[in-house]
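Remarks on the structure that follows.
Quantities reported herein were computed from a predicted structural model and do not represent experimental measurements. We count ligands from 1, going down the list as the structure has it; atoms in each ligand are counted the same way.
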Amino acid sequence: MADEQTVYLNGQFLPITEAKVSVLDRGFIYGDGVYEVVPVYGRRPFRMAQHLKRLQYSLDGIRLANPHTDAHWRQSINELIERQPFADQAVYLQVTRGPAKRDHAFPKGVAPTVFMMSNPLVLPAREQVERGVAVVTAQDNRWLRCDLKTTSLLGNVLMRQLAVDRDAVETVMFRDGHLTEASASNVLIVHDGVIVAPPKDNLILPGITYDATLEIADRAGVPLDVRAVTHAEAMGADEMWLSSSTKEVLAITTVDGRAFAGGRPGPVFRRVYEAFQQAKADAK
Ligand SMILES: Cc1ncc(COP(=O)(O)O)c(C=O)c1O
C-alpha cells in the first residue's frame with residue numbers, strides 16, 4: 001500500500017506492517033522498557049532537548065544503556081518526521097531491553113529494541129479548550145517510580161479507563177491525601193492567582209509540558225509555587241489544569257460529575273493558554 005505508515009525499527013525505516021519484534025522481547029514479556037512522546041509542530045519537534053534528557057533519565061532509572069547519542073536520536077527522529085505526509089505529529093519512541101530467554105534478571109549481551117512511529121498530532125478540540133474538560137478522581141495505586149517513563153503502564157491504563165467509563169478525559173489521582181498527577185497528564189492548580197504545582201518527585205512524571213507551562217507562565221508574570229497540594233486544596237482550588245504533550249494545557253471544569261470552579265476555564269488559564277500558543281509559534 002503506497003500510503004502505509006513508515007516506522008523505524010532497529011535502524012531501519014519500513015512499512016508498519018513489516019515491523020516485527022520477537023515474542024520474547026522483554027518489552028512484550030515484562031514491559032521492560034522506556035518511552036517518550038515528542039510533539040511536532042510544522043515538522044519541528046517541540047522541546048527535543050528536554051525529551052532526550054528525560055529519555056536518558058528513564059534509561060538510567062531502569063539501568064539500560066542508551067543505544068544512541070543525542071545527535072543520532074535527533075537525526076533518526078527528523079528522518080521519521082520527514083517521511084510522514086502530515087506536518088503536526090506526535091513522535092512515539094521506545095527502547096526495550098530486547099529479546100531474551102524469559103528470566104527476570106537482565107540478559108547479557110542482548111541488543112535493545114528501538115522502535116519509533118509518528119502519528120498525526122491530535123490536539124484538544126476548540127470546544128475542550130473553551131469549555132474545559134471533565135475528570136474523575138481516584139486513589140493513586142501505582143508503583144513508587146512514577147518519575148520514570150516506562151512502558152509498564154498498566155496502572156495508568158486502568159486509571160485512564162476509569163475516566164473513559166465515566167465520559168471523562170482523565171483520572172486525577174491522590175496519594176496519602178496529596179495530589180499526584182493524572183493517568184497521562186500532569187495536574188496544576190491555581191489558588192488566589194498563584195499557580196501551585198506538585199513537586200517533581202518520584203510520585204509524578206516530570207512532564208515536559210509541566211515545565212513549559214511553568215516557564216511560560218513565569219515569563220507572563222504569573223506567580224508560581226511548587227509544593228505539595230492537599231486533596232482539600234485541589235478540590236477547593238480556583239482553577240485546575242491538565243498538561244501534557246498532546247493536550248498542551250486544558251482547564252478542568254467538571255470533577256466527578258459536578259461543575260468545578262464555576263464550570264468555566266478561569267482567567268489564569270486563559271492567559272497562560274494564550275502565552276503557550278505564542279511560545280509554540282515562536283519555537284517554529
Ligand atoms: C503519567 C503522565 N504524567 C504526565 C504526563 C505529561 O508529560 P509530558 O508533558 O512530557 O507529555 C504524561 C504524558 O504522557 C504521563 O503519561
Residues in side-chain hydrogen bond (donor to acceptor under 3.5 Å, both in side chains) contact with Arg126, at least two apart in sequence or another chain: Glu130
Any non-hydrogen side-chain atom of Asp88 less than 4.5 Å from a side-chain atom of Pro120? no
Aromatic Tyr30 / basic Arg97 pairing, under 6.0 angstrom, 45° off normal: no
Should you measure from each heavy atom of Asn156, which atoms of ligand 1 turn up under 4.0 Å away? 1 (C)
Presence of salt bridge, Arg142 and Asp140, under 4.0 angstrom: yes
Gly207 neighbourhood, listing ligand 1 atoms whose heavy-atom distance to it stays under 4.0 Å: 7 (O), 8 (P), 9 (O), 10 (O)
Within a distance under 4.0 Å of any heavy atom of Ile208, pick out the atoms of ligand 1 and give their elements. 8 (P), 9 (O), 10 (O)
Under 4.0 Å from ligand 1, counting heavy atoms only, is it the side chain of Val37, its backbone, both or neither? neither
Is it the side chain (CB and beyond), the backbone, both or neither of Cys146 that lies under 4.0 Å from ligand 1, heavy atoms counted? neither
Is the closest heavy-atom distance from Ala182 to ligand 1 below 4.0 Å? yes
Counting each atom of ligand 1 from 1 as listed, which ones have a heavy atom of Ser244 under 4.0 Å away? 6 (C), 9 (O), 11 (O)
Protein contact of atom 9 (O) of ligand 1 - nearest heavy atom, named by residue and atom, plus distance: Thr209 OG1, 2.5 Å
protein heavy-atom neighbour closest to atom 6 (C) of ligand 1 works out as Asn186 OD1, 3.6 Å
Given Glu181, His51, Glu248, identify the one with the heavy atom nearest to atom 2 (C) of ligand 1. Glu181
Evaluation steps, salt bridge (charged side-chain N to carboxylate O under 4.0 Å, His left out), between Asp225 and Arg227: CA-CA 6 Å; Asp225 196 1; Arg227 60 168 172 81; 3.0 Å; yes
Within reach of ligand 1, part of Ser183 (heavy-atom separation under 4.0 Å): backbone
What ring-ring contact (aromatic ring centres under 6.0 Å, His included) pairs are there with at least one residue in residues 33-60, not counting sequence neighbours? Tyr35-Tyr92, Tyr41-Phe46
Given the options Thr96, Ile62, Asp25, Thr150, Asp32 meets side-chain contact (heavy atoms from CB on, under 4.5 Å) only with Ile62
Which one of Arg54, Lys149, Arg142 has a non-hydrogen atom at the shortest distance from atom 10 (O) of ligand 1? Arg54
Side chains of Ser118 and Gln89, donor plus acceptor under 3.5 Å: yes
Between the candidates Ala184, Ser243, Pro39, which shows the shortest non-hydrogen contact distance to atom 12 (C) of ligand 1? Ala184
Can you find a side-chain donor-acceptor pair between Glu170 and Ser183 that sits under 3.5 Å? yes
Under 4.0 Å from a heavy atom of Ser245: give me the atoms of ligand 1 that qualify, with their elements. 8 (P), 9 (O), 10 (O), 11 (O)
